[in-house]
Amino acid sequence: MTKPPQKRQKKRRWTPEEDNKLKHFKTEYPNLPWGEIIELAKLDRDGKSCSERWNNHLKSDFNKEKFSPQEDECIIYLRRHDVGWASMVTFFPGRSYNDVKNRGYQLKKRHAPISDSVRDDLQALMADLASLITNVDPNAISSDDQTSDHSIRGDDLEASTSGSADLIPNHGPNATRSIPGPTS
DNA sequence: AACTAGTCCAACCGCCTTGAG
DNA sequence: TCTCAAGGCGGTTGGACTAGT
């Protein structure tokens with residue numbers, strides 16, 4: 001007997017009221033498991049949903065400005081070097097995990113190019129970071145990006161997503177480096 | 001003004017890891 | 001050692017919004 005595929009839940013946006021409840025109880029009891037926060041706040045959500053909402057929207061004041069070209073190129077470059085989304089977020093203080101990930105998928109669709117200057121900056125940045133991290137594969141930061149047009153194709157990103165370890169674990173404030181944001 | 005296509009982004013899903021009992 | 005729940009992560013979906021016609 002094969003189980004029929006679960007019907008996907010209709011999307012329910014978080015209301016300001018739900019946000020407030022979640023924020024209140026999570027701030028008040030930061031160590032409480034989500035299940036108990038849900039009970040206290042009387043939220044009709046599951047733990048994962050709450051965790052996601054908290055981490056991507058409520059935890060801090062996330063930067064909701066458009067991604068700058070430098071940030072875009074940084075994402076492409078890091079992705080190419082098998083840096084996972086979660087690790088990548090450390091390069092973008094103020095951005096949420098979901099924002100970075102969404103941007104990454106957008107760029108993947110567009111086959112966005114990487115400029116020479118940004119590539120060089122990022123190589124230096126990653127070498128810098130690698131020196132802070134002991135368990136890093138030095139080959140992962142070698143200058144292997146000397147392709148003719150420095151453009152990245154969708155399948156490049158595709159390949160880079162398969163089963164390799166994250167390059168940049170979060171090692172505290174020292175490991176967090178920022179990429180130039182939008183200049184307005 | 002109305003319709004359509006494309007884009008953006010929040011929310012959902014499934015798999016995996018981790019830690020407690 | 002095993003089981004189970006919680007949470008992290010990567011990937012996908014779909015509703016809202018916007019630009020073009």
Q) Tell me: NZ of A:Lys108 to P of C:dT12, nearest whole Å? A) 7 Å
**Q.** Whichever of A:Leu32 and A:Lys11 has its nearest DNA chain C nucleotide further upstream toward 5'
**A.** A:Leu32
Q: Can you run down the side chain to side chain donor-acceptor pair (under 3.5 Å) pairs that involve residues 36-47 of chain A, sequence neighbours left out, and say none if there aren't any?
A: A:Glu18-A:Arg45
Q | Short side-chain N/O contact from A:Arg45 to OP1 or OP2 of B:dA10, under 4.0 Å | A | no
Q) Rounded to whole angstroms, how far apart are CD on A:Glu65 and C1' on B:dC9? A) 16 Å
Q.
Once you measure the plane-to-plane angle for A:Phe25 and A:Tyr29, does it fall in the parallel (<30°), tilted (30-60°) or perpendicular (>60°) bin?
A. parallel
**Q.** Euclidean distance, A:Asn56 CG relative to A:Phe62 CZ, rounded to 0.5 Å
**A.** 6.5 Å
**Q.** Nearest-angstrom distance from the residue atom CZ of A:Arg103 to C1' of B:dT7
**A.** 10 Å
Q: Using whole Å, report how far CG of A:Asp99 lies from C1' of B:dA10.
A: 9 Å
Q) What is the distance from CG of A:Leu107 to P of C:dG10, rounded to the nearest Å? A) 16 Å
Q) When the distance from NZ of A:Lys66 to C1' of C:dC17 is rounded to whole Å, what number comes out? A) 12 Å
Q. Is the shortest side-chain N to carboxylate O distance from A:Glu71 to A:Arg103 below 4.0 Å?
A. no
**Q.** Candidate nucleotides B:dC13, C:dG10, C:dG14, ranked by approach to the side chain of A:Tyr97 - the nearest
**A.** C:dG10
Q: Using heavy atoms to find the nearest nucleotide of DNA chain C for A:Lys48 and A:Lys10 separately, return the residue whose nucleotide is more 5′.
A: A:Lys48
Q. When rounded to the nearest 0.5 angstrom, what distance separates CE in A:Met88 from CG in A:Asp82?
A. 9.5 Å
Q.
I'd like to know if A:Tyr105 reaches the base of C:dG10 with its side chain, counting only an N/O donor and acceptor under 3.5 Å.
A. no
Q | Of residues 50-62 of chain A, the positions that come close to DNA chain B - non-hydrogen atoms, cut-off under 4.0 Å | A | A:Glu52, A:Arg53, A:His57
Q. Side-chain heavy atoms under 4.5 angstrom apart, residues restricted to Ile, Leu, Val, Met, Phe, Trp, Tyr: same cluster for A:Val100 and A:Tyr105?
A. yes
Q | Atom pair distance, as rounded to whole Å: CH2 in A:Trp34 and P in C:dA6 | A | 13 Å
Q. Hey, is the side chain of A:Trp85 poking within less than 4.0 Å of OP1 or OP2 on C:dG11, counting only N and O atoms?
A. yes
Q) Is there side-chain contact between A:Cys50 and A:Ile38, with at least one heavy-atom pair below 4.5 Å? A) yes
Q. To the nearest angstrom, how far is A:Asn102 atom CG from C:dG14 atom C1'?
A. 12 Å
